[in-house]
There are 2 protein chains.
Amino acid sequence: MSRTPPHPTREQIELPMVLDCLSDPIRLAIVYQLAQQEPVSSELCCGDFNGLSGKSNLTYHFAKLRECGLMLTRVAGTNRFMRLRREDLDARFPGLLDAVLKSAAKDADRLQHVVECDVLEAD
Amino acid sequence: MSRTPPHPTREQIELPMVLDCLSDPIRLAIVYQLAQQEPVSSELCCGDFNGLSGKSNLTYHFAKLRECGLMLTRVAGTNRFMRLRREDLDARFPGLLDAVLKSAAKDADRLQHVVECDVLEAD
DNA sequence: TTGATAGTTCAATAAACATTGAACATAGGG
DNA sequence: CCCTATGTTCAATGTTTATTGAACTATCAA
């Protein structure tokens, strides 16, 4: 399998791309889950998100999150560990990530609903 | 012409929709311009954005901004006056709008570039 | 009442997006 | 060395999106 995939530099991170990335319920859920686990372990691997969608669809969303600079992928054996690029994001857009995460926390039920509905519709 | 168009209530404003709306460079520019003018006059009318795109395209973007709860449209004669729904947004997602606006201000040159390029490509 | 101004509506189009499943690649444990 | 678990790649599909121009509507002012 390929080595570490490409990531944008801090300066290459663009506001519209970040917002667009966060506007998808699945991706927002990924980022949210990543942020919640942060105090415990800063990393999660693909499998930890299997509840959100199918594997190949997740690969697609992970790529988007990586390409827009929201998260970092580290390859270790057959696993890919991802973590939020908190420092870079805070440096680039101070307060933005926190505001989004706080908003997502506030609406957690609603957002959860959205994802659940998507999963149910998929029957 | 029709009366005041429909707006979502404060509670109907959804995070993913707001983020998606702000992720388009033209819409972000509209919101930004609206926010900048806020201290002077809280309202601007459609024509004030003619630099950003064609009229019918702007109508499209205004509708999106209205439908997701980002701005309010008031009809007055042949004009439509728009203003940011700051109070509702701050109540719903505290700190979010400010963080986005601050980020946009920081990248104003870059974002301006994007819009200018779009305009130039349209030749 | 006529003309100009401000903005909408509609249909067409091209591009981007999210989702799926099947086939594939890779690493690690028995 | 094979088997399994983990995740990727690819092609196909249907949907949504942004953008255009032409035709239209409404209001105001002369």
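Numbers restart at 1 for each chain; the letters A, B, ... are given by sequence-line order, proteins then strands. All heavy atoms count here, side chains included; hydrogens, waters and symmetry mates do not. Note that the structure is predicted; figures quoted are calculated from it, not measured.
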Could you check how far [atom1] of [X] sits from [atom2] of [N], rounded to whole Å?
X       : N      : atom1 : atom2 : answer
A/Phe81 : C/dA27 : CZ    : P     : 15 Å
A/Tyr60 : C/dC17 : OH    : P     : 6 Å
A/Ile30 : D/dG7  : CD1   : C1'   : 14 Å
A/Asn57 : D/dC10 : CG    : P     : 17 Å
A/Arg74 : D/dT6  : CZ    : C1'   : 15 Å
A/Phe49 : D/dT6  : CZ    : P     : 15 Å
B/Asn50 : D/dT19 : CG    : C1'   : 16 Å
A/Lys55 : C/dG21 : NZ    : C1'   : 12 Å

So which nucleotide from [options] ends up closest to the side chain of [X]?
X       : options               : result
B/Arg27 : C/dT8, D/dT9, D/dA18  : D/dA18
A/Thr59 : C/dT8, C/dA18, D/dT8  : D/dT8
A/Thr78 : D/dA18, D/dT6, C/dG7  : D/dT6
A/Asp20 : C/dA18, D/dT8, C/dC17 : C/dC17

Specify the residue among A/Asn79 and A/Ser56 whose closest nucleotide of DNA chain D lies further upstream toward the 5′ end.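 Counting from the 5' end, the first nearest nucleotide belongs to A/Asn79.
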
Under 3.5 Å donor-acceptor, B/Thr59 side chain and B/Lys55 backbone: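 Yes.
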
So, OP1 or OP2 of C/dA6: does either fall under 4.0 Å of a side-chain N or O from B/Arg80?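 Answer no for this pair, as no side-chain N or O of B/Arg80 is under 4.0 Å from OP1 or OP2.
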
Ignoring backbone atoms, establish whether B/His61 has a side-chain N or O less than 4.0 Å from OP1 or OP2 of D/dT17.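 So the side chain of B/His61 is outside the cut-off, no N or O lying under 4.0 Å from OP1 or OP2 of D/dT17.
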
Joint hydrophobic cluster, B/Leu52 plus B/Val100, side-chain heavy atoms closer than 4.5 Å: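 Same cluster: B/Leu52 reaches B/Val100 through Ile, Leu, Val, Met, Phe, Trp or Tyr contacts under 4.5 Å.
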
Report yes if some heavy atom in the side chain of A/Arg27 is under 4.5 Å from a heavy atom in the side chain of A/Cys68; otherwise report no.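 Heavy-atom side-chain distance check fails, nothing below 4.5 Å.
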
Applying a 4.0 Å non-hydrogen cut-off, can you work out what B/Gly54 is touching in the nucleic acid: base, sugar-phosphate, or nothing?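 No contact.
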
